[in-house]
Structure formats: structure tokens, C-alpha cells
Amino acid sequence: MKFLFSVIILTLVHSCTQKYQPIKTSPMENTEAKNNPYYSRTDTAQLNISNEEWKKILAPDLYAIAREAATERAFTGKYNEFDEVGDYYCAVCGNHLFRSTSKFASSCGWPSFFEADKEGVYYKRDTTYGMERVEVLCKRCDSHLGHVFDDGPKPTGLRYCMNSISLEFVADTQK
């Protein structure tokens with residue numbers, strides 16, 4: 001029984017981890033958009049920007065997560081315990097990703113959603129660390145957002161486990 005409990009705890013701790021050192025996130029303000037000529041909340045055209053170019057534009061912590069699939073430390077992300085009404089966009093390119101009505105408290109340490117914008121994300125198999133996972137990426141700029149698991153609530157049964165730093169929130173009151 002003790003062994004089973006240990007396996008469950010280890011699985012939960014490592015379910016959203018990546019191969020890089022954890023990164024502490026920055027404040028709520030998205031300063032990336034101010035210096036990013038590719039950022040737009042209305043343009044949905046696929047971007048084909050090299051990582052060399054992204055590295056010149058993005059802050060190092062956002063670059064590490066979005067372009068190198070690093071992760072922020074559990075329970076440190078600005079949207080982990082955040083409950084306002086609005087929309088979540090890609091912090092790299094401004095593409096729409098999630099609506100706040102699909103966010104839920106998963107207690108995994110990262111903001112979690114049960115549904116994504118079908119036009120905002122795509123999926124890729126991830127077998128790092130000997131685990132079988134599904135990576136979630138921005139459909140417009142190919143940035144890493146997090147992973148999706150099949151242990152979420154109804155109606156979808158999915159848990160999109162996202163890095164806060166990869167997201168930008170816009171409240172309905174700001175639109």
C-alpha cells in the first residue's frame with residue numbers, strides 16, 4: 001500500500017514536468033507584446049519564425065518555456081490560483097487559447113482547463129522522461145504551452161495543464 005501511494009505521488013509530481021530547470025514566472029503584465037512585431041489577438045495566420053528570431057524578441061524565461069519546452073515551478077504561476085472572467089491568449093503571439101469558463105482548480109500546481117479553442121491549439125506526442133504524454137502547442141506560432149491529460153472533469157474529461165508564463169489573460173471588463 002505504501003509503495004502504491006509513493007507511485008501515485010511521484011506520478012502527480014512529475015505529470016507536468018519538463019527536462020529543464022523550473023522557471024519562476026513574472027508579474028501579470030505582458031511586456032512581450034510591446035516588443036513583439038508578430039503579436040496580434042486578431043491575426044490567425046500561421047507564423048514561421050525561427051527560434052533565433054524569437055530569442056531576440058522574447059524574455060529568457062518565456063523563450064525557455066515556449067520555444068524549448070521548459071516548465072515553470074508548480075504552484076508559482078500567476079494563473080494557478082486565478083479566477084477572473086475573460087480569455088487566455090498565447091503570450092508569444094496573441095492567439096486565442098482558452099475561455100475562463102473552462103478553467104478549473106485541479107490542484108496539480110499549474111492552471112488547468114477542460115477545453116481549449118480548437119482553432120488555437122494542436123497536439124504532439126511527447127515521450128520524454130519515459131512517459132507517454134500529449135504536448136499542447138499554439139497553432140499559430142508553435143510555442144509549447146503544456147500538456148493535456150485524460151483525468152479532467154466533465155464534460156470533456158480532459159485536463160489541459162498549462163504554464164502560466166505561456167498565457168496572457170484579458171478580462172471581459174478590458175475588452
Side-chain angles (χ1 to χ4, degrees), residues 9-28 30 32-33 39 41 46-47 51 54 58-84 86-153 155-170:
I9 295 299
L10 284 173
T11 301
L12 288 173
V13 169
H14 293 292
S15 66
C16 290
T17 59
Q18 296 290 320
K19 60 185 174 186
Y20 295 91
Q21 288 294 321
I23 294 172
K24 184 156 174 52
T25 59
S26 52
M28 291 277 198
N30 179 6
E32 308 305 320
Y39 187 92
R41 289 197 203 128
Q46 177 78 30
L47 293 171
N51 279 343
W54 283 126
L58 303 176
D61 53 352
L62 178 56
Y63 180 85
I65 290 173
R67 308 310 303 174
E68 297 177 329
T71 195
E72 62 197 10
R73 285 183 283 163
F75 303 101
T76 63
K78 58 190 171 186
Y79 300 124
N80 182 46
E81 292 184 15
F82 182 81
D83 192 26
E84 288 190 31
D87 291 289
Y88 291 85
Y89 297 86
C90 176
V92 173
C93 73
N95 196 33
H96 186 265
L97 304 171
F98 301 98
R99 178 74 184 146
S100 63
T101 52
S102 69
K103 191 173 187 290
F104 68 100
S106 70
S107 303
C108 75
W110 291 269
S112 298
F113 303 84
F114 61 80
E115 183 176 47
D117 182 335
K118 290 178 178 96
E119 299 303 315
V121 301
Y122 77 98
Y123 310 94
K124 190 168 88 174
R125 184 175 176 222
D126 179 1
T127 58
T128 56
Y129 302 110
M131 291 187 283
E132 188 71 32
R133 299 182 293 177
V134 178
E135 182 181 10
V136 181
L137 298 107
C138 175
K139 199 179 248 187
R140 182 166 182 248
C141 69
D142 296 320
S143 287
H144 171 79
L145 303 169
H147 290 88
V148 64
F149 303 94
D150 62 1
D151 60 358
T156 64
L158 299 174
R159 174 175 54 97
Y160 288 83
C161 183
M162 302 291 101
N163 287 288
S164 286
I165 197 167
S166 295
L167 305 174
E168 177 188 26
F169 177 79
V170 178

Tell me, do Cys93 and Leu47 make a side-chain contact under 4.5 Å, heavy atoms counted? yes
Is any side-chain heavy atom of Val136 closer than 4.5 Å to one of Tyr123? yes
Spacing of Glu68 atom CD and Ser143 atom OG [to the nearest 0.5 Å]: 11.5 Å
Quick check: closest heavy atoms across Leu62 and Ser166, and the distance to 0.1 Å? CD1-CA, 4.2 Å
Heavy-atom nearest pair, Ala116 first then Val121, reads CB-CG2, 3.7 Å
Please name the pair of heavy atoms, one in Glu132 and one in Thr127, separated by the smallest distance, quoted to 0.1 Å. OE1-CG2, 3.6 Å
Close side-chain approach of His144 and Ile65, heavy atoms under 4.5 Å: yes
Is it the case that the side chains of Asp142 and Tyr122 hold a donor-acceptor pair, with the cut-off being a distance below 3.5 Å and no angle test? yes
So do the side chains of Val92 and Arg140 get within less than 4.5 Å of each other, counting heavy atoms only? no
Please list, chain by chain and in numerical order, all residues satisfying ring-ring contact (aromatic ring centres under 6.0 Å, His included) with Phe114, sequence neighbours excluded. none
Measuring from atom NZ of Lys139 to atom NZ of Lys118, what distance do you get when rounded to the nearest 0.5 angstrom? 10.5 Å
For a 4.5 angstrom cut-off between non-hydrogen side-chain atoms, does Met162 reach Tyr88? no
Nearest heavy atoms of Glu72 and Trp110, plus distance in Å: O-NE1, 3.1 Å
Candidate list Phe113, Phe104, Phe98, test ring pair (Phe, Tyr, Trp, His ring centres under 6.0 Å), partner Tyr160, passing option: Phe98
Could you check whether any side-chain heavy atom of His96 comes within less than 4.5 Å of a side-chain heavy atom of Glu119, counting everything from C-beta outward? no
If you take all heavy atoms of Ser112 and Cys161, which pair is closest and at what distance? OG-CA, 4.3 Å
Between Trp54 and Cys141, is the side chain to side chain contact (heavy atoms under 4.5 Å, CB included) condition met? List the steps. CA-CA 10 Å; Trp54 283 126; Cys141 69; 4.0 Å; yes
Distance-minimising heavy-atom pair for Arg73 and Thr76: O-OG1, 2.6 Å
May I ask you to decide if Leu145's main-chain N or O and Asn163's side chain share a donor-acceptor pair within less than 3.5 Å? yes
Side-chain (Tyr79) to main-chain (Phe169) donor-acceptor, under 3.5 angstrom: yes
Kindly indicate whether the side chain of Pro111, heavy atoms from C-beta on, has any atom under 4.5 Å from the side chain of Phe82. no
Chi angles and distances behind the side chain to side chain contact (heavy atoms under 4.5 Å, CB included) call for Arg133, Thr128: CA-CA 8 Å; Arg133 299 182 293 177; Thr128 56; 3.0 Å; yes
Atom pair CD (Glu84) and OG (Ser100), whose distance is rounded to the nearest 0.5 Å: 9.0 Å
Would you say Asn80's side chain and Phe75's backbone share a donor-acceptor pair under 3.5 angstrom? no
